[in-house]
Amino acid sequence: MGKNKQTSLNYEFLDGEIAICFFVSLPAEYFSHIMTDFLEQLNDSQREAVTYCEGPALVIAGAGSGKTRVLTYKIAYLLKQGYKPWTILALTFTNKAAREMKERIATITGGAIADQLWMGTFHSIFARILRIEAERIGFSSNFTIYDAADSKNLLKAIIKEMQLDDKTYRPGMVQSRISNAKNALITCKAYEQNKELVEGDIHAKIPLLRDIYTRYQNRCLQAGAMDFDDLLLQTNILFRDHPDVLAKYSQRFQYVLVDEYQDTNFAQHLIIKKLCEASRRICVVGDDAQSIYSFRGANIDNILQFRNQYPGCRIFKLEQNYRSTQNIVNAANSLINKNKEQIPKTIYSEKEVGSKLRVLSLYSDYEEAYAVASSVGRMSAAKGYRFSDFAILYRTNAQSRLLEEAFRKRAIPYKIYGGLSFYQRKEIKDIIAYFRLIVNPHDEEAFKRVINYPARGIGETTVNKLIAAAVIADTSLWNVLASPAEYAVPVNAGTLKKLSAFRALMEPFIAQRDTLDADELATLVVKESGLLQLLAQDRSTEGISKYENLQELLKGIVEFCQLHREEGSEQVRLVDFLSEVSLLTDQDDTREESTDKVTLMTVHAAKGLEFRNVFVVGLEEDLFPSPMAKDNLRAIEEERRLFYVAITRAEENCTLSYAKSRFRNGQTQMCSPSRFLRDIDLRYLDVDGLTTASTSETQIRRPIDTPRPAFRSPLQQTPPPTFKRVETPRPTPAAASSPSTGPLQTGMRVSHERFGEGVVLAIEDTGNNAKATVAFDNFGTKQLLLKFAKLKIVE
DNA sequence: GGCCGGGGCATTTTT
DNA sequence: TGCCCCGGCC
């Protein structure tokens, strides 16, 4: 953690007290010579997009077309035109994107100027504004940001309190419906009054959803908390109800740039629109072909309709792909052209023609995993690729397991994206909950987390009593804790004592939250709360790792403080650290050791990345496209875009694979190849029709009892005769069993490619059917057909 | 409070 | 099949 330099908390700019700021804006001449240089580094369409600043601009940036370059150069260009850095607002979707862009701008303009830009994620920028304007909308500027887990927990609690069936009102479903409502700017009040929604819920047999929404919102308010969606919803409310505030910011932000515009939702669209309505100085960059987040509320219409929303807008298309070979670009084009709703564009590559996309057809998911792992092994050995040049992309996380196994067996190093991030670990969330409670004592979720951790004899029953009292009095848990008698909490004297002890623990922290620096206060808290001790005394492997994580977090806070001191902050408060940390997630985990490993991730997670070699696996109906998208054209088009994103990650080689059977949800299912394979023009494909042979190991482990069908192209009704075998030939059974095997006898010690070493217990049959029973050291006893198993005699 | 076992369930997840 | 969540038990 901690290497994130993106958020600077210099609110001073907002209040016009620039004089007290550390930074000095340099005259434009200072970097004008650099500017001339880099304008020449752009192609014509990039340069046009960069230098057009007179009105609304939509930049359609195809995959690999140098989008970030355009954005960063455009910002540099604006600075050169005389825009002050703090009048430029640049919005991204990820912290990583913001950080990278800021770093690139810093190389042109210097860090001092880059740091003054308003550049960050939608959520972090508007959280910052909301903290400044909090009182206007009835919040404290110390408000907590609930993450997805917090809001789900709260919803669970509410559903329970309302004594509703959590099978009918599934927290996840409730959460996503509320989220959708918020993204569409439907407040709970509006929801209750919206006939269509209410009737829809009645029809869906969840009539009380509106009540859950209202309660949830009320609880967030009591807790002084906003969830991720609230950050955008409340910003809209702020701008709607306080024209003076809107005026202030729309005047402040002289130029607004938005990255990944295809992923914006309605709430984001409207914020931007309000800010730019008067100035019309807006430039949005995106690629409708890469819109893959509709399930999170993203609305592709925002980019498709931009020209109508901003009359007189100019459209720039970046159509040259600098990333991939021609075959890859052409294949991707032929795929995406099957979509109806899109902005016409012609992406092309001037790189070499390159290899065709390989299509692998395998019998099972096992074989697919092994084929991919073998292929990676072969390619890295033959062509000198590093393992980090490879990515394996899949539709669902569940597919990673077999791949992982296959890579492990082949001793190929890999890393999987998509696990729990640092900040989602329990021990980290627990510590942060303390920080949260100190900054905002009304934070209900933080309260519930820490009240009895470490254990101090305040159990669920007591907490439930506190909650009940808080709900009745319409106040926060902390207020109830502060005066249990006043709120008539029915607890005995012993419990009362424990409660006041907890309060006595927290109050000194709270009193010092604005005077101590974050690192000092944090250290104090982990010591005094008993957390440090609790984790330190757990000597289990898990416990040790938790303790290390705690140390890591503390280290991160120290670094955070140092960084901000260097940037000129006199004091770095805990709230400053928290407001940054609550908006960090997975991708921001910069602690990752950068060793040479194959990357395994979902296609979604791969967006924005590139690899020399990409494998897209599991291209089957009911997997990719997802079965959920089946009977919905828009959803199928989104799945197709997802596949487009996958293919366009590849620079040199792209391999597509599918299995004919797959073990899923507890049973083996037969699968047919994805319709998307048929969408790609055959000219760009190498269909591996003949390589249907399985590896010997998998055959023995999972015999395929159905007779092998005669080869038929999955992609065409009749296979064109030009299909050729693209796999390197596998050893034939005869070859496999010959020289090294020799006469095998019971008691011999043998070695197997995958199972390692073992002892032969028995040999049955002869010739073609000969099999051996081998007790492997690490894999148990297995029966192996000698014609397939490449057993080597060890001694 | 923590551990175990049964049952239900099973996309994607930038903040 | 395997994971997660809940409920029951110690």
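Every chain is numbered from 1, with letters handed out A, B, ... down the list of sequences.
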_Looking at A:Tyr363, I'd like to know if the NZ or CZ of A:Lys660 sits under 6.0 Å from its six-membered ring centre while staying within 45 degrees of the ring's axis._
yes
*Taking atom P in both B:dT13 and C:dC4, compute the distance separating them and give it to the nearest angstrom.*
15 Å
*Under 4.0 angstrom, heavy atoms only, what part of the nucleic acid is A:Glu639 near: base, sugar-phosphate, or nothing?*
base
*A:Asn452 has a side chain; which of B:dT14, B:dG1, B:dA10 sits nearest to it?*
B:dG1
*Reckon A:Arg664 touches a base, only the sugar-phosphate, or nothing at all at heavy-atom distances under 4.0 Å?*
nothing
*Within this structure, what is the CD-to-C1' distance between A:Glu260 and B:dT14, rounded to whole angstrom?*
8 Å
*Expressed in angstrom and rounded to an integer, what is the separation of A:Phe663 atom CZ from C:dG2 atom P?*
7 Å
*Where does B:dT12 fall, syn or anti, if syn means a chi angle no more than 90° from 0?*
anti
*asked:* A cation-pi test, strictly: NZ or CZ of A:Arg408 under 6.0 Å from the centre of the six-membered ring of A:Tyr414 and no more than 45 degrees from its axis. Yes or no?
replied: no
*asked:* For B:dT12, is there a stacking contact with A:Phe295, counting only centres under 5.5 Å and planes under 30°?
replied: yes
_Between P of B:dT13 and CD1 of A:Ile178, the distance in whole Å_ = 22 Å
*May I have the distance from A:Leu623 (atom CG) to B:dT12 (atom C1'), rounded to whole angstrom?*
11 Å
*Rounded to the Å, how far apart are A:Met628 CE and B:dT13 P?*
14 Å
_Sole residue of A:Ile292, A:Thr648, A:Leu656 in side chain to side chain contact (heavy atoms under 4.5 Å, CB included) with A:Phe643_ = A:Leu656
*asked:* Taking only the C1' atom of each, what is the distance from C:dC5 to B:dT12 in whole angstrom?
replied: 22 Å
*Are any of A:Arg170's side-chain N or O atoms less than 4.0 Å away from OP1 or OP2 of B:dG8?*
no
*Which of parallel (below 30°), tilted (30 to 60°) and perpendicular (above 60°) describes A:Tyr293 and A:Phe295?*
tilted
_Protein-nucleotide distance (A:Arg401, atom CZ; B:dT11, atom P), rounded to Å_ = 12 Å
*Relative to each other, are the rings of A:Phe306 and A:Tyr261 parallel, tilted or perpendicular (30° and 60° limits)?*
perpendicular
*Whole angstrom is fine here: how far is it from NZ in A:Lys426 over to P in B:dG1?*
12 Å
*Most 5' of A:Lys167 and A:Gly459 on DNA chain B, judged by nearest nucleotide*: A:Gly459
*Tell me: CE of A:Met173 to P of B:dA10, nearest whole Å?*
12 Å
*Compute both the distance and the angle, then confirm whether A:Lys426 meets the cation-pi test with A:Tyr453: under 6.0 Å from the six-membered ring centre, within 45 degrees of the axis.*
yes
*Select from A:Phe93 and A:Thr396 the residue whose nearest nucleotide in DNA chain B is closer to the 5' end of that strand.*
A:Thr396
*When we call it a touch if two heavy atoms are under 4.0 Å apart, what does A:Asp147 touch: a base, just sugar-phosphate, or nothing?*
nothing
*N/O donor-acceptor pair, side chain A:Asp263 with base B:dT14, under 3.5 angstrom*: yes
*For A:Thr602 and B:dT13, is the shortest distance between a side-chain N/O and OP1 or OP2 below 4.0 Å?*
yes
*Which part of the nucleic acid, if any, lies within contact of A:Arg641, taking any heavy atom under 4.0 Å across all strands shown: a base, the sugar-phosphate backbone alone, or nothing?*
nothing
_Check this for me: does the side-chain of A:Arg395 come within 3.5 Å of the base of B:dT11 through a donor and an acceptor?_
no
*Compare side-chain N and O positions of A:Asn397 against OP1 and OP2 of B:dT12 and report whether any pair is under 4.0 Å apart.*
yes
